[in-house]
Amino acid sequence: MKVSQIFFQTLKEVPKEAQIESHRLLYRAGMIQKLASGIYNYLPLVLRSVRKLENIIREELNKRGCQEILMPAVQPSDIWEESGRWSYYGPELLRFKDRKGSDFCLGPTHEEVITDMVRKNLRSYKQLPYNLYQFQCKFRDEIRPRFGLMRAREFIMKDGYSFDINEEKALDSYKSMYEAYIAIFKRCGLKFKPVDAATGSIGGDKSHEFQVLAESGEDVILSCSKCEYAANKEKAKTKIDFRQSDDEMEKMEEVHTPGKKAVEDVAEFLKKRPSDFIKSVIFVVDGKPALIMVPGDREVNEAKIQAFFKADSIELADDATIEEVTGAETGFAGPVGLKKEILIALDHNLEGRRNLVSGANKTDYHFINISPERDFKPSVTGDFVVTRKGERCPDCDGLLEEFRGIEVGQVFFLGTKYSEKMHCSFIDENGQQSNAVMGCYGLGVGRTVQAAIEQNHDEYGIKWPMALAPYEAIVLPLQMNKEEVVDVAEKIYKKLLNAGVEAVLDDRDERAGFKFNDADLVGYPVQVVIGAKSLEKGEIEVKIRKTGEKKAVPLNEVEDFVCRYKKEEMAIDH
RNA sequence: CGGGGUGUAGCGCAGUCUGGUUAGCGCAUCGGUUUUGGGAACCGAGGGUCGGAGGUUCGAAUCCUCUCACCCCGACCA
């Protein structure tokens, strides 16, 4: 390809919406264009990277017995009603009607479609396992799209689904996909970490995310300084040591706290520490109100609550519900004196504590000297707080450290959540009807490509890992008015192509500096520089973008040199 | 959804408060001359429904009303 013919335009100034470096570079290098908020055109250069990543994924998945399919982007509502997600999936699901008035949505994910597809085909246990995947445009109507391809509304995703005869086999599939993901991200040359993750609205009870480490990442992960433990902050656990307080239990009393609602305000008013408070938060879990209690200085962790109750949906109760449950205005909820009998859940950190402060379920009143063991009986106890850095690792005696990451993939062990609701079953060895045990495996293609840029760039531009570079090398004739320079460049360009190197020739009649800058910006891993000066010595210069290293190479050894470097780089990346 | 902000040439911006000829600047584009190993210089040119609709006014990019789009922070969420 000649650079003059590539559909792209490099920019010095970027649209101000681009907030992180990888987004700015995608714009500056002429790789993407925005059509609407969170909706992008992929121009030829990035699309090549996207296709390369897709091929890496294909290879790794096919190697492990997966088969590629393609499902529709437009999905009818009836299967979503069957799975139950039509009603509780929020406005993120873009819905519309066809000319007949039937309901449809743009697929944000494909569990329903694949389950429907498989059940129409599945009869016997002998057919299983199946592991099917596709590359497809998903649409999620994100509240706030940002960072370019990182959090777009329309985005390319590889999604895969496994179907097995039982849990044990399904776990094998899960493990095999987990390993495939590690292989894929390694080949991309990324620094990443697999972490324990919450399952969110996809459901299921086991999940790992693959996080590319980056300052600009939207996710926070905690990982142990000593062992392999790592988890999304939402999911991270810590070692709880139960400590029975030996303070005398004092008499519980109601105190007047006019207008003081937030823990900090009440604490200041009563001259107590926030950590001596029971923070009581009312959630609606699958339609039923529940009171969750955590220490006053801690954050409630919704993901853990959802997981604990295996709930499909969870949300903060509105004011009306709170008044109905507590008989008081919002801000005075507590475990004692609730108007309605609801589930009350106590965080481990409050067990054994005495003489605490809580709301009195009476507007403008709190209780002091409330002690869980004496004054109320929780329905359940569990881990309901957000774990913080510096806390102890749940698996060893190390401490948890905090990192930011870009979530590029996630694997879920789904179990029979969908197969049961949608009757995706088969006859097992004993002639019994049995539900398929499923797993699902997502990998954000555009996001991974952008994460690669986020992790590999400098002030001049992108430093593509060889495996993802749009082109592997650029040939730069510096003086377009010198016949010899142009001839040699053409020859080397052709030799590189013949040697199997994906090369481009910068045939534009531009000054040297302009070409160098464009080459650095677009990020070709190898620059083959043909200039009149070095040509006189029978040499040309090869620059390695990643290291900035420049090497004079004899004319007839250029393609060997480039091929060797390419091979080394690909090997490192594997 | 709440708070804040922005829409003027492909991109980045000035002009708006205080209404007044042909609406400016930089980058990019086109032509010319000179240049030519790290984003060249000079001369010239093209390109605008000033986001849209309505209103006030002799006169609106500028004032008023409505509306749309986009961005940031938060809430929310695969």
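All values below come from the heavy atoms of this structure, side chains included, with hydrogens, waters and symmetry mates left out. All values reported here derive from a predicted model rather than from experimental measurement. Quick note on labels: first sequence line is chain A, next is B, and so on, each numbered from 1.
One C1' atom belongs to B/C64, the other to B/C17, and the distance between them is 15 Å to the nearest Å. The same atom, C1', is picked in B/U67 and in B/A23; the two are 25 Å apart, to the nearest Å. Taking atom C1' in both B/U62 and B/G19, one finds a spacing of 6 Å when rounded to whole Å. Going from the P atom of B/U16 to that of B/U21 covers 14 Å, rounded to whole Å. B/G5 and B/G10 have their P atoms separated by 27 Å, given to the nearest Å. Only the C1' atoms considered, B/G39 is 15 Å distant from B/G26, to the nearest whole Å. With C1' as the reference atom, B/U6 and B/C43 are 37 Å apart, rounded to whole Å. Going from the P atom of B/A53 to that of B/C72 covers 28 Å, rounded to whole Å.
Here B/G44 sits opposite B/C30 as a Watson-Crick or G-U wobble pair (both hydrogen-bonding atom distances under 3.5 Å). Base pairing annotation: B/G2 forms a Watson-Crick or G-U wobble pair with B/C73, both donor-acceptor distances under 3.5 Å. Of all nucleotides present, only B/C68 satisfies the Watson-Crick or G-U wobble test against B/G7, with each distance under 3.5 Å. Within the shown strands, B/C58 is the pairing partner of B/G20 under the Watson-Crick or G-U definition, both distances less than 3.5 Å.
In this structure, the CD atom of A/E142 is 13 Å from the P atom of B/C72, given to the nearest Å. Rounded to whole Å, atom C1' of B/G37 lies 13 Å from atom CG of A/N481. To the nearest angstrom, C1' of B/C77 lies 11 Å from CZ of A/R447. Atoms CZ (A/R146) and C1' (B/C70) sit 15 Å apart, rounded to a whole Å. Between A/D319 atom CG and B/C1 atom P there is a gap of 19 Å when expressed in whole angstrom units.
Contact between the side-chain N/O atoms of A/K543 and the OP1/OP2 oxygens of B/G38 is not found at any separation under 4.0 Å. Taking only side-chain nitrogens and oxygens, A/K515 never comes nearer than 4.0 Å to OP1 or OP2 of B/G39. Remark: A/R144 is in phosphate contact with B/C72, judged by side-chain N or O atoms under 4.0 Å from OP1 or OP2. Side-chain nitrogen and oxygen atoms of A/S37 include at least one within less than 4.0 Å of the OP1 or OP2 phosphate oxygen of B/C71. Distances shorter than 4.0 Å separate none of the side-chain N or O atoms of A/K16 from OP1 or OP2 on B/C11.
For an aromatic pair to be called close, the ring centres must be under 6.0 Å apart, and A/Y524 with A/W464 fails this. With ring centers used as reference points, A/Y133 lies 6.0 Å or more from A/Y441.
The side chain of A/A512 sits closest to B/G37 out of B/G74, B/A40, B/G37. For A/L521, taking side-chain heavy atoms from C-beta onward, the closest of the listed nucleotides B/U36, B/G38, B/G39 is B/G39. Closest approach to the A/P15 side chain among B/G37, B/C11, B/G38 is made by B/C11 (side chain taken as heavy atoms from C-beta onward). With B/C70, B/C27, B/G38 as the candidates, the nucleotide lying closest to the side chain of A/D520 is B/G38. The side chain of A/E13 lies closest to B/C11, out of B/C11, B/C77, B/G38.
Ring geometry for A/Y178 against A/Y174 counts as parallel: the plane angle stays under 30°, on a 0 to 90° scale with 60° as the upper cut.
Within the 4.0 angstrom heavy-atom criterion, base atoms lie near A/R28. If you check every strand for non-hydrogen atoms under 4.0 Å, A/E302 touches sugar and phosphate atoms only. A/Q479 comes within contact range of at least one nucleobase, with a heavy-atom separation under 4.0 Å. The residue A/K482 sits apart from the nucleic acid: no heavy atom pair falls under 4.0 Å.
Here A/F516 counts as stacked on B/G38: its ring centre is under 5.5 angstrom from the base ring centre and the planes meet at under 30°.
Residue-to-nucleotide contacts include a donor-acceptor pair under 3.5 Å from the side chain of A/E541 to the base of B/G37. Evaluation of atom-type donor-acceptor distances gives no pair under 3.5 Å for the side chain of A/Q9 against the base of B/G10.
A heavy-atom distance below 4.5 Å is not found between the side chains of A/V437 and A/F163.
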(Q) Before you tell me yes or no, could you show the steps for A/E17 and A/K34 under salt bridge (Lys or Arg N to Asp or Glu O under 4.0 Å), namely the whole-Å CA-CA distance, both residues' side-chain angles and the distance that decides it to 0.1 Å? (A) CA-CA 10 Å; A/E17 77 193 52; A/K34 191 171 74 167; 3.1 Å; yes

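Within 6.0 Å of atom CD in A/E402, more than 12 heavy atoms from other residues, nucleotides or ligands are found, so the atom counts as buried in its surroundings.
Legend: residues meeting ring pair (Phe, Tyr, Trp, His ring centres under 6.0 Å) with A/Y229, ordered by chain and number and at least two apart, are absent.
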